[in-house]
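Structure first, commentary second.
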Amino acid sequence: MPLHLAFSNDSGIACEHLLFEGILYRLGNSPTADIVLSQSKEAEFSASLHAEVNDNRWLLKINEASGVKSDQTIALTNELNDTTSVLVGNTVCRFTLLSLDDVAEHDREYFKRRQQLRILEKDLQGVTDIGTTVELARNFLLHSIKCEHAAVFCQLGADSNSPTATTDLLQHPISAPVCNGLVAWSSKSLNSVAVETLHSTVKDSEQTDPVKPQVSAALCVPVIIDGHVAGYLYGDNTKGRRYFSQSETSLVEAMANILSLQWLFHTIERKLSGAR
């Protein structure tokens with residue numbers, strides 16, 4: 001059976017890999033590994049994953065390394081849709097056995113979201129009202145990415161047509177502090193950042209985040225115009241879902257690119273109007 005692997009990168013975004021039987025996969029923090037789990041060089045580590053063709057028994061072998069206990073082999077034989085979390089080096093890896101139907105559904109969901117993004121891009125064509133673009137982007141986070149709470153920050157200047165965020169999020173006792181923490185984290189690097197709870201199922205594992213996450217998963221993506229932050233897209237979940245994947249983050253980043261163009265045209269039009 002295919003195996004789904006998820007682990008968090010340095011930005012808190014979950015990297016996902018779909019593994020198939022009959023192939024030997026090498027994991028580790030070496031750039032030559034098939035799956036690079038961490039860029040950290042504090043202690044080299046490596047592991048291997050393999051399953052025979054048409055077998056639902058995957059073997060994870062964690063090799064001995066400095067600071068790591070002796071070699072160990074773990075059999076991943078959980079029931080369908082169950083998960084196992086294992087600490088490999090300093091990285092928490094979450095493994096889920098999938099059926100072929102699960103793999104097909106994953107692909108259908110991704111392409112469905114891509115189609116929704118293209119439709120949204122068409123809906124935004126010709127829209128000059130910033131409030132409308134904000135609401136369309138927020139609906140994309142809520143309905144396409146399936147966030148429980150979402151907000152779009154716009155920093156184009158003091159303008160009644162440029163809302164800074166949705167009121168319900170700012171008043172939410174759980175979302176508000178996590179949102180503020182992620183925005184502060186993202187502003188330092190101008191990159192997308194997230195918090196997740198993948199690590200919570202592994203005993204004694206530790207992870208340093210800019211905030212102590214009270215949500216199951218949260219994502220913050222900056223909207224960049226000419227090298228400067230013009231706003232942020234934020235979404236989170238307080239239950240159930242445990243992380244945002246790279247593919248989902250890529251879709252939100254594509255949404256941010258669409259907004260950056262819309263807001264750039266709005267800024268240019270406003271300056272031209274003021275010069276008349």
Side-chain angles (χ1 to χ4, degrees), residues 6 8-15 113 116-117 120 130-200 206-225 227-260 262-263:
S8 177
N9 63 17
D10 293 337
S11 296
I13 299 166
C15 303
R113 289 175 173 177
Q116 291 171 336
L117 183 62
L120 178 59
I130 296 297
T132 300
T133 64
V134 165
E135 191 58 29
L136 287 172
R138 182 170 178 267
N139 285 334
F140 179 75
L141 292 171
L142 291 172
H143 302 299
S144 296
I145 307 300
K146 293 181 172 54
C147 300
E148 292 175 16
H149 312 101
V152 179
F153 296 77
C154 180
Q155 301 176 346
L156 296 182
D159 189 325
S160 60
N161 200 27
S162 302
T164 57
T166 52
T167 304
D168 58 334
L169 180 94
L170 293 178
Q171 295 177 346
H172 197 282
I174 295 178
S175 294
V178 176
C179 177
N180 293 334
L182 284 186
V183 166
W185 188 14
S186 178
S187 65
K188 295 179 181 179
S189 63
L190 301 184
N191 292 321
S192 304
V193 295
V195 291
E196 44 73 31
T197 52
L198 278 178
H199 63 286
S200 64
E206 296 180 355
Q207 178 170 317
T208 302
D209 286 321
V211 294
K212 293 182 178 180
Q214 301 178 55
V215 298
S216 298
L219 175 68
C220 182
V221 176
V223 180
I224 307 296
I225 297 179
H228 300 283
V229 176
Y232 296 92
L233 300 177
Y234 172 86
D236 71 35
N237 294 285
T238 57
K239 56 185 177 181
R241 182 176 188 163
R242 302 181 59 196
Y243 64 84
F244 286 97
S245 67
Q246 281 184 316
S247 60
E248 291 167 330
T249 303
S250 295
L251 290 174
V252 179
E253 288 173 343
M255 178 73 251
N257 290 335
I258 294 172
L259 285 182
S260 68
Q262 293 290 120
W263 293 354

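Computed over heavy atoms, backbone and side chain alike; hydrogens, waters and symmetry mates excluded. Heads up: numbering here begins at 1 and tracks the sequence.
Considering only heavy atoms from C-beta on, Met255 comes within 4.5 Å of Ile258 through its side chain. Taking 4.5 Å as the limit, every side-chain heavy atom of Asp236 sits out of range of all side-chain heavy atoms of Leu182. The shortest side-chain heavy-atom distance between Val134 and Trp263 falls under the 4.5 Å cut-off. In this structure, the side chains of Phe153 and Val229 stay at 4.5 Å or more apart for every pair of heavy atoms. Put simply, the side chain of Tyr232 does not reach to within 4.5 Å of the side chain of Cys179, judged on heavy atoms. Between Trp185 and Cys220 the shortest side-chain heavy-atom distance does not fall below 4.5 Å. In this structure, Phe244 and Ile13 have side chains that are not in contact, with every pair of non-hydrogen atoms separated by 4.5 Å or more.
In this structure, the side chain of Ser8 does not engage the main chain of Ala14 through any donor-acceptor pair within 3.5 Å. Without hydrogens or angle criteria, Ser187 side chain to Ala184 main chain gives a donor-acceptor distance under 3.5 Å. The backbone N or O of Glu148 sits less than 3.5 Å from a side-chain atom of Asn237, completing a donor-acceptor pair.
Shown here for Leu141 and Ala151, the closest heavy-atom pair between the two residues is CD1-O, 4.1 Å. When all heavy atoms of Ser260 and Ile225 are compared, the pair lying nearest together is O-CD1, 3.6 Å. Contact between Ala256 and Pro222 at its shortest, heavy atoms only, is CB-O, 3.7 Å. Closest non-hydrogen pair, Leu233 versus Ala137, comes out as CD2-CB, 4.2 Å.
Gln116 and Ser144 are linked by a side-chain donor-acceptor pair at a separation below 3.5 angstrom, with hydrogens and angles left out of the test.
Going from atom CG of Asn191 over to atom OG1 of Thr249 covers 11.5 Å, rounded to the nearest 0.5 Å. Residue Leu259 holds its CG atom at 5.5 Å from OG1 of Thr133, rounded to the nearest 0.5 Å. Note that the SG atom of Cys147 and the CZ atom of Arg138 stand 10.5 Å from one another [nearest 0.5 Å].
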Stepwise salt bridge (Lys or Arg N to Asp or Glu O under 4.0 Å) check, Glu248 with Arg113: CA-CA 9 Å; Glu248 291 167 330; Arg113 289 175 173 177; 2.8 Å; yes
